[in-house]
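To keep things clear, I will list the structure first and then write my remarks on it.
Letters A, B, ... mirror the listed sequences (proteins, then strands); counts begin at 1.
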Amino acid sequence: MDKVYKHQEVEKKWYAFWEKEGFFTPKTDPKKKPYTIIMPPPNANGYLHIGHAAFLTLEDIMIRYHRMKGEVTLWLPGADHAGILTQVVFERKLEKEEHKSRFDLGREEFVRRSMEFTLKNKEVMERQMKAIGASCDWSRESFTLDPKFNKPIYQTFKNLYDDGFLYRDFRMINWCVRCSTALSDLEVVYKEKKDPLYYIKYGPFVLATVRPETKFGDTAVAVHPQDRRYQKYIGKEIKAEGLLGKFSLKVIADQAVDPKFGTGVVKVTPAHDPDDFAMGQRHHLEVKQVIDFDGRLNNKTGPYKGMTVEAARKKTAEDLKKKGLIEKIDFNYSHNVAVCERCQTIVEPLVSLQWFIKTKPLAQRAMESVKKGEIKFKPERFEKNFFIWMENIRDWCISRQLWWGHRIPVWYCGKKNLSQLQLLMNPELTKIKDEGCGEIIVSAKTPQTCPKCLKTNLIQDPDTLDTWFSSGQWPYTTLGFAQDDGRDFEYFYPTSVMETGYEILFFWVARMIMLGLYSTGKVPFKLVYLHGLVRDAFGQKMSKSKGNVIDPLTVIDEYGADSLRMSLVYGTSVGSDVKLSEKKIEAMRNFGNKIWNMARFIKMNMEFFEKNNKKFNPDINYLPKNSDDKNLLKKFKMLTKLITKNMDTYRFAPVAEILYNFLWHELADIYIEKVKERLKNNDYEALNTLYQAYMTCMVMLHPFMPHITEEINKKLTGENAKPLIITPWPKNER
RNA sequence: GCUCGCGUAGCUCAGAAGGCCUAGAGCGUUCGGUUCACAUCCGAAAGGUCCCUGGUUCAAAUCCAGGCGCGAGCACCA
């Protein structure tokens with residue numbers, strides 16, 4: 001055996017061997033129960049980071065353990081086209097490298113280039129996954145934008161529509177001016193911002209606002225119904241002086257007004273504020289749009305037309321001041337502003353025609369399944385979070401004005417029913433003259449003619465689906481549901497575990513449960529295992545700008561994949577964030593070195609034994625008489641039981657710690673030191689006891705450190721050794 | 001505002017169902033050790049009112065209540 005363990009050679013060699021031998025591809029057997037994990041597909045818009053390494057390690061541990069238990073084990077890998085995020089990343093790249101926008105390329109070319117970019121990333125990610133040692137079934141690898149998934153995804157869309165769970169409506173959506181698309185509520189984050197709060201004279205009132213530029217869209221003034229100060233105005237019209245001259249507005253009373261905020265009077269702008277929109281609906285107010293989708297004021301704003309929101313705010317405030325219409329300005333006001341999660345641009349609430357999923361009934365069913373225990377959460381506390389969100393769920397806007405993603409499977413007869421926004425975002429559509437009959441056709445297959453007027457002038461909805469709509473169906477689409485070959489679906493669905501980050505519990509897990517139940521009638525998985533974030537040694541989020549990122553490939557190159565894997569598991573607890581430092585990885589590398597040297601020591605003693613005696617035949621059932629040996633085996637038996645119990649309950653960190661401590665601080669530090677003399681005297685009992693305890697540890701350590709244990713196994717048991725990857729997990733009773 | 005999590009050695013964290021805790025590990029620190037598997041090592045040591053206050057209990061780091069301090073999620077402010 002080499003004096004030093006050479007991870008670079010060994011790890012590559014074993015991965016190639018496992019893959020070549022086909023150990024990653026399960027042999028389905030109707031008599032056996034399957035164990036299935038669908039890998040959360042990493043976003044193919046960059047390379048894998050340490051967080052990916054963490055979940056790949058956890059899932060690989062689960063998979064390897066169950067494979068060793070003899071179950072039909074499938075780990076299905078994949079990659080996500082990641083709609084908006086990839087489009088943002090690629091647009092930035094395009095801007096930076098070629099000074100071009102998506103419109104410069106045109107839709108077709110933009111999609112082609114994005115695909116090229118994505119597939120290239122995907123390839124790199126595959127190599128990274130292999131370097132980590134992920135024993136997933138590459139023959140079933142899936143990519144969310146693979147055309148074969150269009151059929152089931154479109155079918156789900158159509159079914160939802162036919163069942164009345166899908167509708168198209170004018171609603172207030174979150175509009176990202178930079179991305180030029182609607183966002184779901186989940187894709188919006190709030191940032192605290194300090195903005196001047198203007199107290200504006202408004203006829204008989206003074207009211208406070210941070211958005212004077214939306215004043216042109218005001219269609220009412222609101223007060224709280226019980227506010228004594230303003231009772232006499234409720235229901236009346238007031239006259240006021242504004243930037244565009246005199247105007248009059250109705251005064252309404254609404255519970256949503258907080259009498260304690262500002263002066264207790266609110267200007268109502270239904271077209272540009274979510275609360276005002278809701279108020280407008282309650283009081284049947286006119287929705288008067290004054291800001292367009294390009295983030296600029298429109299022709300209803302007179303001289304302010306064409307200004308950006310930011311510029312118009314300054315200018316209107318200035319002009320109001322000049323006209324003596326500002327009473328005071330509070331410069332210390334700070335509030336939360338909605339920004340696009342992906343590009344951080346301030347979100348503009350706008351009303352537009354979009355597709356929505358009616359989520360309440362789907363959520364109801366999802367909650368019932370969880371209540372019945374068909375799906376369990378680990379750690380359990382996330383179950384509560386799940387319920388809170390599901391109970392308060394709002395309809396899900398699934399149409400995006402993006403080009404990168406699944407095109408919405410809706411066709412319109414002529415352009416009559418295309419929205420203004422869609423025409424704006426897709427200049428080529430404006431050239432079409434044919435108004436058509438306006439029929440809306442929702443179909444899983446591309447229709448040829450309009451069923452109503454029989455014309456062939458059908459235009460597909462130019463919008464794409466929210467990326468989570470397709471990934472929400474991942475557990476069954478990847479298994480061939482509603483496709484030509486559904487055998488995998490029949491055998492492997494529902495899957496066993498969904499292992500993913502707690503930060504996408506709502507984005508993804510909840511939607512998979514809702515859509516899985518809706519489409520297949522069954523839960524998509526039985527256990528949701530949620531892991532935490534990987535942070536740096538000080539608990540900070542890793543980011544390129546902070547310069548504290550740990551790159552998995554660099555680490556693997558220097559310390560080996562096994563060291564990295566072990567350091568991502570050791571000393572962690574389920575659902576909590578993991579703090580990782582290079583020191584920790586180094587410590588685990590040292591552990592690898594330790595077990596390597598233990599192997600060398602055992603090998604040396606085996607050779608010494610054989611030089612002086614006959615062949616050394618390890619005997620797992622041999623019962624030693626020596627009390628040191630007996631005590632060791634007794635203790636070891638207890639630990640084996642404990643380890644198995646922890647493996648079965650997904651508590652991997654204690655297993656890593658038990659093995660670490662037993663191997664190093666009991667077997668090496670104490671037992672080996674004790675038996676050195678006996679080994680010199682060719683004591684079979686001592687050698688066999690050491691060998692059995694050590695090798696069984698290697699078997700149990702294999703899911704954690706697969707490469708080094710496989711190499712040691714071969715070195716100690718010879719050329720014809722059965723690979724550890726398919727060695728049965730130790731029995732508990734012996 | 002609502003909800004959840006955390007607070008244990010200098011640092012990062014284990015300690016699930018109360019007694020095997022006279023509270024552990026890794027890193028760091030100090031001292032000693034190189035022929036005998038391993039300096040990526042071995043031996044030893046220092047270092048802790050287990051956030052605070054009450055309660056339950058024969059017994060609390062662990063359970064309960066309150067407080068303080070951090071972090072996260074959700075809601076959202078005109």
Side-chain angles (χ1 to χ4, degrees), chain A residues 1 3-5 185-186 188-190 192-193 195 197-198 207-211 214 218 222 254 256-258 260-269 272-276 279 333-338 378-389 391-394 502-503 505-506 532-533 535-541 559-560 563 566-567 570-605 645-646 649-651 653-654 656-658 660-661 664-665 668-669 672-673 676-677 679-680:
Chain A
M1 276 177 87
K3 197 167 156 61
V4 178
Y5 171 66
D185 293 334
L186 284 180
V188 170
V189 291
Y190 292 88
E192 195 167 324
K193 197 165 169 273
D195 276 316
L197 182 64
Y198 303 97
L207 55 77
T209 181
V210 285
R211 299 201 66 180
T214 63
D218 295 353
D254 197 286
V257 181
D258 176 3
K260 289 189 204 84
F261 184 90
T263 56
V265 186
V266 183
K267 65 190 205 59
V268 187
T269 323
H272 299 292
D273 182 278
D275 288 337
D276 292 6
M279 233 188 277
Y333 179 64
S334 95
H335 62 154
N336 285 333
V337 181
K378 205 160 185 74
E380 274 170 43
R381 65 186 143 90
F382 286 108
E383 192 176 299
K384 198 171 176 182
N385 285 1
F386 172 80
F387 279 120
I388 291 171
W389 191 68
E391 276 156 17
N392 299 305
I393 196 164
R394 294 199 288 175
Y502 62 72
E503 75 279 5
L505 178 61
F506 306 129
L533 258 44
R535 296 169 177 277
D536 76 1
F538 307 101
Q540 298 218 45
K541 261 191 188 170
Y559 298 97
S563 311
M566 197 65 174
S567 61
Y570 191 96
T572 64
S573 70
V574 186
S576 298
D577 291 351
V578 177
K579 291 188 183 86
L580 186 68
S581 61
E582 200 160 335
K583 284 281 180 206
K584 188 173 176 188
I585 301 167
E586 203 181 307
M588 294 305 143
R589 192 266 323 262
N590 294 353
F591 173 61
N593 174 69
K594 187 71 193 180
I595 62 172
W596 181 255
N597 276 295
M598 290 172 78
R600 287 180 61 214
F601 178 78
I602 293 169
K603 178 89 177 162
M604 190 184 84
N605 279 285
K645 196 175 148 198
N646 277 305
T649 50
Y650 293 85
R651 292 166 47 84
E657 286 155 44
I658 292 166
Y660 181 103
N661 285 313
W664 200 324
H665 301 302
D669 290 350
I672 284 185
E673 292 308 318
K676 272 183 177 166
E677 279 308 309
L679 290 174
K680 277 181 193 159

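Taking every side-chain heavy atom of F506(A) into account, C74(B) is the closest of A37(B), C74(B), C38(B). If you check A37(B), C27(B), A16(B) against the side chain of R651(A), the one that comes closest is A16(B). For R381(A), counting side-chain heavy atoms from C-beta on, the closest listed nucleotide (C76(B), G5(B), C38(B)) is G5(B). For D275(A), counting side-chain heavy atoms from C-beta on, the closest listed nucleotide (G26(B), C36(B), C76(B)) is C76(B).
Nearest-nucleotide positions on RNA chain B for M604(A) and V578(A) put V578(A) closer to the 5' end. Residues A208(A) and N605(A) both approach RNA chain B. Their nearest nucleotides, taken by heavy-atom distance, put N605(A) toward the 5′ side.
Taking atom C1' on both nucleotides, G18(B) is separated from U56(B) by 12 Å, rounded to a whole Å. For the P atoms, the distance from C31(B) to C38(B) is 26 Å, rounded to whole Å. For the P atoms, the distance from A59(B) to C6(B) is 26 Å, rounded to whole Å. Taking atom C1' in both U62(B) and G43(B), one finds a spacing of 34 Å when rounded to whole Å. A14(B) sits 7 Å from G7(B) when the P atoms are compared, rounded to a whole Å. Only the C1' atoms considered, U3(B) is 33 Å distant from A9(B), to the nearest whole Å. Separation of the C1' atoms belonging to G54(B) and A60(B) is 14 Å when rounded to the nearest angstrom. For G19(B) and G28(B), the P atoms lie 32 Å apart once the distance is rounded to whole Å.
By the 30° and 60° cut-offs, the orientation of the rings of Y5(A) relative to W596(A) is tilted.
A 3.5 Å limit on both hydrogen-bonding distances identifies no Watson-Crick or G-U partner for C76(B). Searching all strands for a Watson-Crick or G-U wobble partner of A25(B) with both distances below 3.5 Å returns U12(B). Within the shown strands, G55(B) is the pairing partner of C63(B) under the Watson-Crick or G-U definition, both distances less than 3.5 Å. Applying the Watson-Crick and G-U wobble criteria (two distances, each under 3.5 Å), C36(B) pairs with nothing in any strand. Pairing for G5(B) is with C70(B), a Watson-Crick or G-U wobble pair whose two hydrogen-bonding atom distances lie under 3.5 Å. Across all strands shown, A44(B) forms a Watson-Crick or G-U wobble pair with U30(B), both key distances being under 3.5 Å.
One finds no side-chain N or O of R589(A) lying less than 4.0 angstrom from the OP1 or OP2 phosphate oxygen of C41(B). Regarding contacts with the backbone of G28(B), a side-chain N or O of K583(A) is found under 4.0 angstrom from either OP1 or OP2. The phosphate of C42(B) (OP1 or OP2) has a side-chain N or O of K594(A) nearer than 4.0 angstrom. Of the side-chain N and O atoms in N590(A), one or more sit less than 4.0 angstrom from OP1 or OP2 of C41(B). The shortest distance between the side-chain N/O atoms of S573(A) and the OP1/OP2 oxygens of A14(B) is below 4.0 Å. When the side-chain nitrogen and oxygen atoms of H665(A) are compared with OP1 and OP2 of G26(B), one or more of them lie within a distance under 4.0 Å.
At a cut-off of 3.5 angstrom, the base of C4(B) holds no donor-acceptor pair with the side chain of K384(A).
Atom CZ of F506(A) is separated from atom CG of N385(A) by 5.0 Å, given to the nearest 0.5 angstrom. Note that CZ of R651(A) is 7.5 Å distant from NZ of K378(A), once rounded to the nearest 0.5 Å. If you take CG on D218(A) and NE2 on H272(A), they are separated by 10.0 Å, rounding to the nearest 0.5 Å. One distance of note links CG of N593(A) with OH of Y559(A); it measures 13.5 Å at 0.5 Å rounding. With values rounded to the nearest 0.5 angstrom, L679(A) atom CG is found 9.5 Å from K676(A) atom NZ.
Atom pair N593(A):CG and A39(B):C1' shows a separation of 10 Å (rounding to whole Å applied). Per the geometry, CZ belonging to R600(A) stands 12 Å off C1' belonging to U40(B), to the nearest Å. One interatomic measurement links the two molecules: CG of D669(A) to C1' of A37(B), which rounds to 13 Å at whole-angstrom precision. What separates CH2 of W664(A) from P of A25(B) is a distance of 13 Å, to the nearest Å. Atom CG in N385(A) sits about 10 Å away from atom P in C74(B), given to the nearest Å. When the C1' atom of C76(B) is taken as reference, atom CE of M279(A) falls 14 Å away, rounded to whole Å. In this structure, OH of Y570(A) is placed 5 Å from C1' of A25(B), rounded to the nearest angstrom. One can place NZ of K584(A) at 16 Å from P of A25(B), the figure rounded to the nearest angstrom.
Side-chain contact between T214(A) and K267(A) is present, with at least one heavy-atom pair separated by less than 4.5 Å.
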Run V266(A) and D275(A) through side-chain contact (heavy atoms from CB on, under 4.5 Å) and show every step you take. CA-CA 11 Å; V266(A) 183; D275(A) 288 337; over 6 Å; no
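Note on K603(A): nothing from the nucleic acid sits closer than 4.0 angstrom, heavy atoms only.
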